**Q** 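A single structure is presented below for examination.
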Amino acid sequence: MTITLDSLEPALSVRRVLTLERVLAGEPEVVAGAAHLDRLVRWVHVAEAADVGVMLSGGEMVLTTGVLLAGDEDKQADYVRSLHRAEAAAVVLGLGRAFPTAPEVMRRAAERCGLPMVVLHRPFPFADLTEEVQSRLVRRKFAAVSLSEAVRTELTALITAGAPLQRLLDEVARHSACPVVVTNLAHRVLGTAGERPAVDDVLRDWERIARQAWGHHPGRSGTGGGKEGDGWIRAELGGRGERWGRIVLCGYRGDTATGRLLADRAAEALVLHRMLGGGAACSWEEQSAQGLLTDLVSGVVPARQLLPRARAAGLPVNRRTFVPLVVRDGDPARLERLLRLLGLPGLVAELADGATAVLLSVPRDQDAGALTAHFATRLRTESGPDHTVVAAAEPRAAWDDVPSGLREAQHVSDAVADSSAVLGLPPVVRLKDVHLRGLIRLLRDDPHVQSFAERELDGLLRESGEDLLPVLRTYLATGRNKSRTAQLHHVSRPALYRRLEAIQVRLGVDLDDFEQAASVHIALLAHDAQQQ
């Protein structure tokens with residue numbers, strides 16, 4: 001049976017203790033500190049000594065008959081103040097032996113201290129209350145430890161099976177029943193899990209929330225925020241004396257001790273996951289960016305819903321211009337380094353087929369086109385003009401237009417995917433630069449286009465004619481320049497003439513006729529686009 005937060009017995013607060021059946025038999029009445037009944041009870045302690053505070057460590061519900069306090073108002077007030085200093089959860093006074101009614105001095109002192117004071121109007125064996133509360137506390141602690149070990153076992157099994165980070169976070173969120181966030185030390189969100197509406201609520205103003213939550217206690221584990229039990233529980237991520245991130249349970253609704261156990265188990269698993277993966281914390285940043293940009297490109301999730309994730313991932317989004325790029329044959333790590341070197345905020349994520357998406361965020365008072373050109377020029381200078389293509393969409397002023405921009409940049413990149421198209425292109429390739437090739441790329445899956453390409457090239461697509469396709473491709477790409485084509489294929493001009501003649505015979509066309517050559521060229525572009 002899977003142990004979850006919902007299967008744990010509710011935490012014992014003073015209020016809940018007063019509703020227990022055995023306690024109700026004593027006819028309890030709250031005479032002071034009624035506003036503080038939600039304090040958690042960690043233990044129950046029976047004590048008559050006037051200096052009981054020195055025996056406590058906090059969170060105890062203290063039971064007393066007051067026999068050592070009767071007749072001495074100073075002792076009564078000191079007794080209450082001692083409990084307050086020891087951070088007791090409450091004091092319960094059994095009426096009858098020493099006091100027929102609640103002593104006014106104790107009541108006033110408890111009210112001033114904010115200490116819940118309860119009197120029992122009927123004779124009541126303290127042993128019954130102690131047994132009931134202690135047994136519940138022990139059962140809950142055992143269940144919490146069992147939950148902790150179950151989480152550790154399940155997360156370790158996932159890591160052993162090679163599960164990705166997201167799968168681990170989903171499991172933590174399932175057990176904690178609240179949003180889970182992983183950040184680096186700069187509060188940049190690296191991963192999230194939980195119900196999406198709740199996660200979006202957390203991320204909507206993440207930077208302010210995070211800094212407010214931990215600003216008073218930098219580097220400490222435990223609860224964040226301004227008060228104990230507010231449900232923000234974190235654990236540090238790191239090893240060998242170095243911290244590199246943290247995991248946060250946001251709005252955890254169980255007791256703090258159980259939340260800390262869960263957070264600690266999750267932190268252990270994440271550190272192990274990183275160690276076994278052999279990667280650095282930045283790889284999680286890449287995964288986060290990849291998930292975000294993939295969702296933007298797909299359009300499955302509306303861009304407006306992804307805005308909190310982008311902001312939490314560290315991308316400036318207010319009063320910015322967004323430049324969607326797709327870099328062909330670009331190393332994501334090198335792109336990240338170049339962005340940092342140039343001081344350009346942006347997200348980088350590896351896509352399929354050797355393409356990398358880059359989303360730049362530029363202040364509106366700066367020239368987005370000039371910054372993009374500078375980035376592309378530096379990149380091509382470092383990697384060589386024959387190996388890197390920077391495809392760009394027109395800058396987007398609105399976040400909602402970013403998905404269409406990324407798809408446009410991806411289309412431009414696809415249109416020049418083959419190496420021969422890279423030569424002679426500008427540092428930043430846009431839609432206007434891909435001309436006919438771009439149109440064919442858009443239409444490549446159309447059945448009419450596919451049928452046209454097959455029909456026009458049928459004579460060369462048969463097995464015996466495939467070796468002539470590269471010659472035809474070069475001849476048309478060079479503007480039917482025979483000398484250049486012969487040079488690129490390392491053949492003599494007479495040999496090239498023989499091959500061109502064979503191509504014309506097989507296709508039944510005259511390549512010196514512009515319209516027929518254009519038809520063959522379009523068919524060849526469509527054929528090549530379908531093969532990619």
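Along the sequence shown, the residues carry numbers beginning at 1. Note that the structure is a prediction, hence the values are computed from the model and not measured. Only this structure's heavy atoms are used, side chains among them; waters, hydrogens and symmetry mates stay out.
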**Q** Listed by chain and number, what are the ring-ring contact (aromatic ring centres under 6.0 Å, His included) partners of Phe375, not counting sequence neighbours?
**A**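 ring-ring contact (aromatic ring centres under 6.0 Å, His included) check on Phe375 returns nothing, list empty.
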**Q** Give a yes or no answer on whether the side chain of Arg455 reaches the backbone of Gln450 with a donor-acceptor pair at less than 3.5 Å.
**A**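 A pair under 3.5 Å: no.
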**Q** For a quick test of reading the model, state the closest non-hydrogen atom pair linking Trp206 to Ala312 and the distance between them.
**A**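 Shortest heavy-atom separation between Trp206 and Ala312 comes out as CB-CB, 4.0 Å.
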**Q** Could you state the interatomic distance from CZ (Arg196) to CG (Asp201), rounded to the nearest 0.5 Å?
**A**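 Those atoms lie 11.0 Å apart.
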**Q** With a 4.5 Å heavy-atom cut-off, do Ser519 and Glu456 have their side chains touching?
**A**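 The answer is yes, as the side chains (C-beta and beyond) meet within the 4.5 Å cut-off.
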**Q** Got a sec, which pairs hit side chain to side chain donor-acceptor pair (under 3.5 Å) with one end in residues 354-375, sequence neighbours left out?
**A**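 As it turns out, the side chain to side chain donor-acceptor pair (under 3.5 Å) pairs with a partner in residues 354-375, which skip direct neighbours, are Arg320-Ser361.
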**Q** Please tell me whether Arg493 and Ser483 have a donor and an acceptor in their side chains that are separated by less than 3.5 angstrom.
**A**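 On atom types as modelled, these side chains qualify, holding a pair under 3.5 Å.
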**Q** Could you walk me through whether Phe322 and Leu360 pass side chain to side chain contact (heavy atoms under 4.5 Å, CB included), step by step?
**A** CA-CA 6 Å; Phe322 303 100; Leu360 301 181; over 6 Å; no
**Q** If you take all heavy atoms of Thr192 and Leu169, which pair is closest and at what distance?
**A**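 Answer, listing the atom of Thr192 first, then Leu169: N-CD1, 3.9 Å.
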**Q** Does a side-chain heavy-atom distance below 4.5 Å link Val182 with Leu237?
**A**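 Of all side-chain heavy-atom pairs linking Leu237 with Val182, at least one is under 4.5 Å.
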**Q** To the nearest 0.5 Å, how far apart are CG in Leu249 and OG in Ser176?
**A**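 The distance works out to 5.0 Å.
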**Q** What pair of heavy atoms forms the shortest contact from Ala310 to Trp399, and how long is it?
**A**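 In terms of heavy atoms, the two residues are closest at CB-CH2, 3.5 Å.
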**Q** Would a 4.5 Å heavy-atom cut-off, applied to side chains only, mark Asp295 and Val300 as touching?
**A**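 Counting from C-beta outward, Asp295 and Val300 never come under 4.5 Å.
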**Q** Got a sec, which residues hit side-chain contact (heavy atoms from CB on, under 4.5 Å) with Pro164, two or more places apart in sequence or on another chain?
**A**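 Result, side-chain contact (heavy atoms from CB on, under 4.5 Å) vs Pro164: Arg167.
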**Q** If I take atom CG from residue Leu347 and atom CG from residue Leu292, how far apart are they, to the nearest 0.5 angstrom?
**A**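 One gets 6.0 Å once the value is rounded to the nearest 0.5 Å.
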**Q** Is there a side-chain contact between Asn184 and Trp244, using heavy atoms and a 4.5 Å cut-off?
**A**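 They are not in side-chain contact.
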**Q** Taking all non-hydrogen atoms of both residues into account, name the closest pair between Ala391 and Val412 and its distance.
**A**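 What the structure gives for the nearest pair is CB-CG1, 3.7 Å.
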**Q** Does Thr156 offer a backbone N or O that forms a donor-acceptor pair with the side chain of Thr160 under 3.5 Å?
**A**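 It does hold such a pair.
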**Q** From Leu371 CG over to Thr321 OG1, what is the distance, rounded to the nearest 0.5 angstrom?
**A**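 Nearest 0.5 Å value for the CG-OG1 distance: 10.0 Å.
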**Q** So, does His273 use its side chain to make a donor-acceptor pair with the main chain of Ala163 at under 3.5 Å?
**A**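 Yes; at least one donor-acceptor contact below 3.5 Å.
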**Q** Could you report the tightest heavy-atom contact between Ala198 and Pro179, atom names first, then the distance?
**A**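 Between these two residues, the closest heavy atoms are CB-CG, 3.7 Å.
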**Q** Would you say CZ of Arg188 has more than 12 non-hydrogen atoms from neighbouring residues, nucleotides or ligands within 6.0 angstrom?
**A**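 Buried by this count: over 12 neighbours within 6.0 Å.
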**Q** Between Gln504 (side chain) and Leu511 (backbone), is there a donor-acceptor pair under 3.5 Å?
**A**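 Flag set: sc Gln504 to bb Leu511 pair under 3.5 Å.
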**Q** Take Arg311 and Leu203 through the side chain to side chain contact (heavy atoms under 4.5 Å, CB included) test and state the conclusion after the steps.
**A** CA-CA 8 Å; Arg311 184 183 290 111; Leu203 296 184; over 6 Å; no
**Q** Would a 4.5 Å heavy-atom cut-off, applied to side chains only, mark Leu500 and Lys482 as touching?
**A**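 Yes, at least one pair of side-chain atoms sits under 4.5 Å.
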**Q** Test Arg304 against Asp400 for side chain to side chain contact (heavy atoms under 4.5 Å, CB included), laying out the working first.
**A** CA-CA 6 Å; Arg304 182 58 49 182; Asp400 288 343; 3.4 Å; yes
**Q** So Arg334 and Leu379, side chain to side chain contact (heavy atoms under 4.5 Å, CB included) or not? Walk me through it.
**A** CA-CA 9 Å; Arg334 183 159 54 85; Leu379 182 62; 3.1 Å; yes
**Q** Just checking, any donor-acceptor pair under 3.5 angstrom between side chains of Thr474 and Thr485?
**A**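 Thr485 and Thr474 do not have a side-chain donor-acceptor pair below 3.5 Å.
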**Q** One thing to verify: whether Asp200 and Arg204 come together as a salt bridge, which I'm taking to mean a side-chain N less than 4.0 angstrom from a carboxylate O.
**A**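 So Arg204 does not pair with Asp200 through a salt bridge.
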**Q** Hey, what do you get for CZ (Arg473) to CG (Leu525), rounding to the nearest 0.5 Å?
**A**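 Interatomic distance, Arg473 CZ to Leu525 CG, rounded to 0.5 Å: 9.5 Å.
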**Q** Do side-chain atoms of Thr478 reach the backbone of Tyr475 as a donor and acceptor pair under 3.5 angstrom?
**A**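 Side chain of Thr478 to backbone of Tyr475: a pair is present.
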**Q** Rounded to the nearest 0.5 Å, how far does CG of Leu472 lie from NE2 of His527?
**A**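 His527 atom NE2 to Leu472 atom CG measures 10.5 Å (nearest 0.5 Å).
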**Q** Counting only heavy atoms from other residues, nucleotides and ligands, does the tally under 6.0 Å from CD of Glu195 exceed 12?
**A**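 Count not over threshold, so no.
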**Q** Salt bridge check: are Glu154 and Arg265 linked by an N-O gap of less than 4.0 Å?
**A**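 Looking at Glu154 and Arg265, the cut-off is not met.
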**Q** State, with a plain yes or no, whether a side-chain heavy atom of Val520 is found less than 4.5 Å away from one of Leu457.
**A**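 When only atoms from C-beta onward are counted, Leu457 and Val520 do touch, with a gap below 4.5 Å.
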**Q** Does the side chain of Asp458 come within less than 4.5 Å of Glu454's, by heavy atoms?
**A**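 Answer no - side chains too far apart.
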**Q** Checking Gln410 against Arg407: is there a side-chain donor and acceptor pair closer than 3.5 Å?
**A**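 Judged by distance alone, the side chains do not pair up.
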**Q** Heavy atoms only: give me the nearest Ile247-Ala263 pair and the separation to one decimal.
**A**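 Smallest interatomic distance, heavy atoms only, reads CG2-O, 4.0 Å.
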**Q** Measuring only between side-chain heavy atoms, which start at C-beta, is Leu507 closer than 4.5 Å to Leu460?
**A**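 They are in contact (side-chain heavy atoms under 4.5 Å apart), so the answer is yes.
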